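Below is one structure, written out as structure tokens; the observations come after it.
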Amino acid sequence: MTAWEKQASRRAIWFLLPALGMLAVFVAWPLIRAAWWSVTDADLLATDDAHWIGAENYSDLLRDPRFRHAFLNTALFAILIVPLQTLLAMVLALWVNRPEPAWRWLRTVFFLPVVVSLPVLAVVWTLLYQPEQAGETGLINRLTSVFGFADRAWLRDPSLALPALAAMSIWQGVGLQMMVFLAGLQGVSREQLEAAQLDGASAWQRLVHVVIPSLRNTIAFVVTVTTILAFRLFVQPYLMTRGGPDDRTLSLVQYMYETTFLNLELGRACAAALLFLTWVGFLTWLQRTLFNEEKS
Amino acid sequence: MSGRRRDHITRWAEALLGSASVVVALLFLAPLLWTLIGSFRVEEAIFRLDAASLIDPRMWTIENYGDAWRRASLGPALAVSIGQVALIVAGGLLVNSLAAYAFARLQFRGSDALFAAVVMLIILPVEVIAVPMFFTARDLGLTGGLGPALAGLTLPFMAKAFNIYFLRQHFLNLPRQIEEAAVLDGARVWAQYWRIALPSIKPALATVVVLDVLTHWGDFLWPLLIGTREETRTVQIGLANLFTQPPVQWGDILACAVIATLPVLVMFRWLQRYIVATQVHTGIK
């Protein structure tokens with residue numbers, strides 16, 4: 001060990017202490033507390049008076065139809081969003097991936113909703129989705145009526161509410177994923193593309209056999225990130241539908257929020273949080289395994 | 001012959017692509033344009049888009065902005081939001097880059113295991129620990145009053161597993177020779193970090209700033225939990241209150257939405273530039 005290395009490892013603690021201290025206090029400790037509360041009957045207003053009740057919260061949750069709804073709604077939301085948003089982001093990236101500066105403005109347009117915050121857009125889209133009401137019609141119903149569709153209460157229709165939230169979310173987030181794909185496209189080998197062109201491959205063949213295979217890692221990254229984001233759904237149903245109609249847009253996070261602050265059942269909410277974490281961990285593991293296997 | 005015809009077809013295709021782009025761009029922008037227009041319209045004209053009402057000066061107003069500003073106390077709310085994001089970004093930059101540098105360069109026994117533990121926290125969604133985190137913040141006295149509440153809004157989010165991981169990656173990519181040369185000059189560990197390593201990863205630092213700004217400007221759940229007092233409300237919570245508490249005035253809400261967007265819009269060019277540079281080296285690998 002050189003003198004510098006000795007000094008370095010002695011200094012390491014001071015470099016690590018601030019960040020690790022904060023992670024311990026604000027992340028690890030709350031996580032341990034959540035795990036403890038999840039096996040107790042903890043009440044929001046009397047956390048010190050929590051008693052061990054074993055796995056009761058977990059078995060209650062699995063029997064609770066509202067929790068099942070929340071899980072299925074959130075899963076459906078993810079199923080709607082992940083493939084559509086990934087595909088759309090890739091199409092947009094291929095579309096605007098041209099050197100001329102004129103295409104830069106189009107990139108900017110697609111990226112714009114990303115910088116406008118989600119709560120703001122949730123509020124705005126509630127107005128956009130508004131059905132006719134005393135002569136006031138939201139922009140979306142105006143647009144669909146041009147094509148001859150009937151006026152719809154998008155956010156109050158049980159079968160439309162969740163897809164409506166998904167559509168808004170895709171519009172909001174697709175620009176960010178497009179940027180990720182644009183970055184990924186820089187890594188596509190120019191030589192391979194030119195070689196394919198010389199061999200007479202059509203644009204479509206080049207896309208399928210050269211571009212998409214080299215975007216593999218990017219696609220894996222986008223799918224993983226979008227899935228986790230989709231399962232964190234909260235702001236849209238909280239502001240746009242309050243989880244309604246008939247709990248059709250109730251999300252997992254919203255269920256946890258309501259169980260804590262409306263029902264004061266802290267123990268059960270923490271059990272839900274841990275199940276949620278297990279699920280996210282499982283999905284991450286699953287996607288990593290799937291994408292790694294494809295490689296070999 | 002075919003060459004000229006081909007040119008012709010290409011030109012047509014280009015024109016088609018161009019006009020399709022314009023249409024899609026307009027559709028994509030419509031919600032934002034509508035918000036901007038609506039924020040300057042009198043209440044009964046917000047949903048009216050006919051020519052007659054659009055050219056009628058009586059249908060336009062700037063009063064929504066004054067009303068929104070007053071009703072959602074946007075002055076203090078903007079100060080809280082900007083302070084919140086600035087503190088998270090500045091504090092986070094320091095503590096995360098310090099830890100990242102230690103993990104990249106200052107090896108010690110157990111450092112790899114410790115780093116693996118940090119990496120595991122990357123996928124932990126904040127929603128999972130939000131409620132117990134609230135108790136922790138309360139126990140530490142971070143809820144009452146402006147100063148403590150600002151600390152409560154920011155301290156829990158400064159240290160971030162992903163940012164540590166991301167910055168470490170960039171420190172590792174730095175050529176060791178620069179630092180070794182500095183060692184010969186007698187530079188100490190701190191100086192290595194502060195004068196040599198940190199300035200060399202400026203683009204990565206910018207990326208971290210961009211991601212943090214975008215994430216935390218839109219924060220909702222945590223400010224909702226912790227910012228219950230009037231003086232510690234963020235802009236987003238102010239907007240949500242306008243939206244949910246009667247009397248509901250659409251004009252005020254839209255004006256508030258515009259105001260809540262302006263601070264990030266000012267940074268837009270910069271945000272967009274560094275988000276592109278971002279993800280290439282990131283978690284993609």
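These figures come from a predicted structure and were not determined experimentally. Sequence lines set the chain letters: A, B, ... in the order given, protein chains first and strands last, and positions in each chain run from 1. Side chains included, hydrogens not; waters and symmetry mates left out as well; all remaining heavy atoms used.
Atoms CZ and CD, on A/F234 and B/E127 in that order, are 8.5 Å from each other to the nearest 0.5 Å. In this structure, A/R98 CZ and B/L17 CG are separated by 4.5 Å, a value rounded to the nearest 0.5 Å. Note that the CZ atom of B/F103 and the CG atom of A/L20 stand 5.0 Å from one another [nearest 0.5 Å]. Rounding to the nearest 0.5 Å gives a distance of 9.5 Å between CD of B/Q236 and CG of A/L239. In this structure, CZ on A/R11 lies 12.0 Å from CD on B/Q192, to the nearest 0.5 angstrom.
Heavy-atom minimum distance, A/L277 versus B/P125: CD1-CD, 3.9 Å. Residues A/P18 and B/V95 share a closest heavy-atom pair of CB-CG1, 3.6 Å.
Contact count against chain B (heavy-atom pairs under 4.5 Å) is highest for A/L139 among A/I228, A/V114, A/L139. When each of A/W125, A/F110, A/W103 is scored by its heavy-atom pairs under 4.5 Å with chain B, the top score falls to A/F110. Ranked by heavy-atom pairs under 4.5 Å with chain B, the list A/L128, A/L121, A/L118 is led by A/L128. Note: A/T137 leads A/I13, A/V96, A/T137 in heavy-atom pairs under 4.5 Å with chain B. Of the residues considered (A/F231, A/Y257, A/W14), A/Y257 shows the highest number of contacts with chain B, using heavy-atom pairs under 4.5 Å.
Side-chain N/O atoms of B/S21 and A/W95 include a donor and acceptor closer than 3.5 Å.
Using cut-offs of 30° and 60° on the angle between ring planes, the pair B/F134 and A/F261 is perpendicular. Relative orientation of the B/W190 and A/F15 rings is tilted, given thresholds of 30° and 60° on the angle between their planes. Ring planes of B/F135 and A/W37: perpendicular class, angle over 60° (limits at 30 and 60°).
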Test side chain to side chain contact (heavy atoms under 4.5 Å, CB included) applied to B/N96 and A/M22, step by step:
CA-CA 10 Å; B/N96 293 325; A/M22 284 169 156; over 6 Å; no

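Between the side chain of A/R142 and the backbone N or O of B/F47 there is at least one donor-acceptor pair closer than 3.5 Å.
Both the backbone and the side chain of A/W171 come within less than 4.5 Å of a heavy atom in chain B.
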Give every donor-acceptor pair under 3.5 Å between a side-chain atom in residues 263-273 of chain A and any protein atom, sequence neighbours left out.
from	atom 1	to	atom 2	distance (Å)
A/R268	NH1	A/D64	OD2	3.1
A/R268	NH1	A/Y255	OH	3.4

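Every pair passing salt bridge (Lys or Arg N to Asp or Glu O under 4.0 Å) that includes a residue from residues 25-38 of chain A is listed here, sequence neighbours excluded: A/R33-B/D139.
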